[in-house]
> 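Below is a structure I'd like to ask you about.
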Amino acid sequence: MKLATWNVNSVNARLPLILEWFRDEAPDVCALQELKCIDEKFPTEAFESLGYNCAVFGQKTWNGVAILSKFPMSDITRGLEGEEADEQSRYIEAVIEAPQPVRFASIYLPNGNPMGTEKYDYKLRWLERLRARAEALLKLEEMTILTGDFNIIPTKADCFKESVWLDDALYQPAVRRAYQGLKNLGYTDAFEAVPPEGNRYTFWDYQAGAWQKNEGIRIDHHLLSPQA
């Protein structure tokens, strides 16, 4: 099974490019983040024409997550428990009804910048809520994959130049400890299990030629349960 994750930064603004990629790569299941649209504005028909079922948790202007699957989906969960006042669409989970079922979550973790603000505090609280959900899912003893844009640089090796990120919410010790805490529960970082050859980054700034110079960071992750 081919699984993918992609922060698309507005699904409708980039739809032709996104559909071209789906036709070329044909993932069996794909997690999308930062849809920037409500459920009713999600281009469901365009993806259905390529053979995908859609589970969407959208939000106007900001955030929004989705799961696209060539297989039927069941037991769809939108949002994380633990903060009733949270209106941000950042988590969706479903069971992919493949011949070997997979519980699959699309995650768009808060950025947390600037430091010293409610945005950073929210990021830390959100990580605690994600940990609680991740721990509960392990008790099901299912093949489970938590994937998406975590907005976390796990280690020094995961950024081109560490000094650039020392005061950024993506690289704070508390945030990195929280990511390690998810692994300590029993999840495996897929990148560490099967390191790709060459490039290790998943995001490049669109300024200053970062893409061309491969000056990136690794912030998009697949976390696998022992069964996965």
Side-chain angles (χ1 to χ4, degrees), residues 5-9 31-34 36 59 62-65 79-93 105-138 145-193 195-196 199-208 210-211 213-225:
T5 180
W6 189 2
N7 180 321
V8 293
N9 191 18
L32 299 181
Q33 303 88 42
E34 210 168 348
K36 295 186 176 180
Q59 183 179 340
W62 308 105
N63 307 320
V65 286
L80 289 173
E81 295 182 351
E83 194 164 328
E84 291 185 5
D86 186 7
E87 297 180 349
Q88 298 190 32
S89 300
R90 294 182 173 275
Y91 182 93
I92 188 169
E93 171 195 311
S106 177
I107 293 168
Y108 180 39
L109 210 138
N111 178 286
N113 284 301
M115 294 287 297
T117 68
E118 164 60 20
K119 290 184 178 181
Y120 183 67
D121 295 338
Y122 173 64
K123 179 171 189 165
L124 295 180
R125 295 197 308 273
W126 208 94
L127 277 163
E128 284 296 317
R129 292 159 59 199
L130 177 60
R131 178 189 171 89
R133 182 60 180 168
E135 189 169 16
L137 291 177
L138 285 178
I145 299 176
L146 309 178
T147 189
D149 181 355
F150 281 71
N151 271 316
I152 296 173
I153 304 170
T155 72
K156 179 179 179 179
D158 296 310
C159 54
F160 173 74
K161 191 174 183 180
E162 184 185 36
S163 60
V164 175
W165 301 96
L166 292 177
D167 296 323
D168 196 283
L170 277 63
Y171 194 62
Q172 292 309 296
V175 171
R176 294 158 63 198
R177 282 196 299 271
Y179 184 76
Q180 182 62 45
L182 293 171
K183 293 163 59 180
N184 291 346
L185 290 175
Y187 288 90
T188 297
D189 185 329
F191 178 90
E192 297 172 349
N199 174 66
R200 69 183 292 126
Y201 305 133
T202 66
F203 175 83
W204 298 258
D205 197 319
Y206 56 86
Q207 299 174 335
W211 165 260
K213 293 182 285 188
N214 196 29
E215 297 177 357
I217 54 178
R218 186 171 76 94
I219 57 174
D220 304 85
H221 310 298
H222 300 288
L223 290 180
L224 317 177
S225 71

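Note that this is a predicted model, so its numbers are computed, not measured.
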> So, are Arg129 and Asp86 salt-bridged, with charged N and O less than 4.0 Å apart?
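Looking at Arg129 and Asp86, the cut-off is met.
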> What is the minimum heavy-atom distance between Asp149 and Thr5, and which atoms define it?
N-OG1, 4.4 Å
> For His221 and Glu192, what are the C-alpha separation, side-chain angles and deciding distance, and is it a side chain to side chain contact (heavy atoms under 4.5 Å, CB included)?
CA-CA 10 Å; His221 310 298; Glu192 297 172 349; over 6 Å; no
> Rounded to the nearest 0.5 Å, what's the gap from CD1 on Ile107 to CG on Asp220? Could you check?
11.5 Å
> Verify side chain to side chain contact (heavy atoms under 4.5 Å, CB included) between Asp158 and Ile217, making sure each step is shown before the conclusion.
CA-CA 6 Å; Asp158 296 310; Ile217 54 178; over 6 Å; no
> For a 4.5 angstrom cut-off between non-hydrogen side-chain atoms, does Ile152 reach Leu127?
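Yes, at least one pair of side-chain atoms sits under 4.5 Å.
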> For Arg131, give me all partners under salt bridge (Lys or Arg N to Asp or Glu O under 4.0 Å), at least two apart in sequence or on another chain.
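Arg131 satisfies salt bridge (Lys or Arg N to Asp or Glu O under 4.0 Å) with no other residue.
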> Mark yes or no for whether Arg200, through its side chain, and Ala157, through its backbone, hold a donor-acceptor pair below 3.5 Å.
yes
> Closest approach of Tyr91 and Leu130, non-hydrogen atoms and distance?
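Heavy-atom minimum between the residues: CE1-CD1, 4.1 Å.
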> If you round to the nearest 0.5 Å, how far is OG1 of Thr202 from NE2 of His222?
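Reported to 0.5 Å precision, the distance equals 9.5 Å.
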> For residues Tyr120 and Ala174, report the shortest heavy-atom separation together with the two atoms involved.
OH-CB, 3.8 Å
> Any side-chain to backbone donor/acceptor pair from Ser106 onto Leu32? Under 3.5 Å, distance only.
yes
> Considering residues, nucleotides and ligands other than Glu87, do more than 12 of their heavy atoms fall under 6.0 Å from its CD?
no
> Which atom names give the shortest non-hydrogen contact between Arg176 and Tyr171, and what distance separates them?
CD-O, 3.2 Å
> Please give me the minimum heavy-atom distance between Leu109 and Asn151, naming the atom from each residue.
O-ND2, 2.9 Å
> Do other residues, nucleotides or ligands put more than 12 heavy atoms under 6.0 Å from the CD atom of Glu83?
yes
> Would you compute the distance between atom CG of Asp121 and atom CE of Met115 and round it to the nearest 0.5 angstrom?
9.0 Å
> Could you tell me the separation between the OG1 atom of Thr155 and the CD atom of Gln180, rounded to the nearest 0.5 Å?
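The distance works out to 10.0 Å.
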> Ile153 vs Phe203, test: side chain to side chain contact (heavy atoms under 4.5 Å, CB included). Steps then yes/no.
CA-CA 11 Å; Ile153 304 170; Phe203 175 83; over 6 Å; no
> For the atom pair CZ (Arg133) and CG (Leu138), what is the distance rounded to the nearest 0.5 Å?
11.0 Å
> Can a donor-acceptor pair be found, under 3.5 Å and without considering hydrogens, that links the side chain of Lys161 to the backbone of Glu215?
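No: the side chain of Lys161 does not pair with the backbone of Glu215.
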> For a side chain to side chain donor-acceptor pair (under 3.5 Å) with Tyr108, tell me which candidate from Gln33, Gln59, Glu34, Gln88 qualifies.
Glu34
> Looking only at non-hydrogen atoms, find the nearest pair between Phe160 and Tyr201 and report the distance.
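Heavy atoms of Phe160 and Tyr201 come nearest at CA-OH, 3.4 Å.
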> Please check if atom CG in Asp205 has more than 12 non-hydrogen atoms from other residues, nucleotides or ligands closer than 6.0 Å.
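Enclosed.
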> Could you walk me through whether Asn111 and Lys123 pass the side chain to side chain donor-acceptor pair (under 3.5 Å) test, one step at a time?
CA-CA 7 Å; Asn111 178 286; Lys123 179 171 189 165; 5.8 Å; no
> Output yes when a side-chain donor or acceptor of Tyr187 lies under 3.5 Å from a complementary backbone atom of Ala134, and no otherwise.
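Answer holds: yes.
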> Using 4.0 Å as the upper bound for N to carboxylate O, is an ion pair formed by Arg218 and Asp189?
yes
> Working note: Phe150 + Leu223, criterion side chain to side chain contact (heavy atoms under 4.5 Å, CB included); need CA distance, chi angles, decisive distance, verdict.
CA-CA 10 Å; Phe150 281 71; Leu223 290 180; 4.0 Å; yes
> Please report the interatomic distance NZ(Lys36) to OG(Ser89), rounded to the nearest 0.5 Å.
14.0 Å
> Looking at Asn113 and Ala169, would you say the former's side chain and the latter's main chain have a donor-acceptor pair under 3.5 Å?
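Yes, the answer is positive, given that a donor and an acceptor are paired below the 3.5 Å cut-off.
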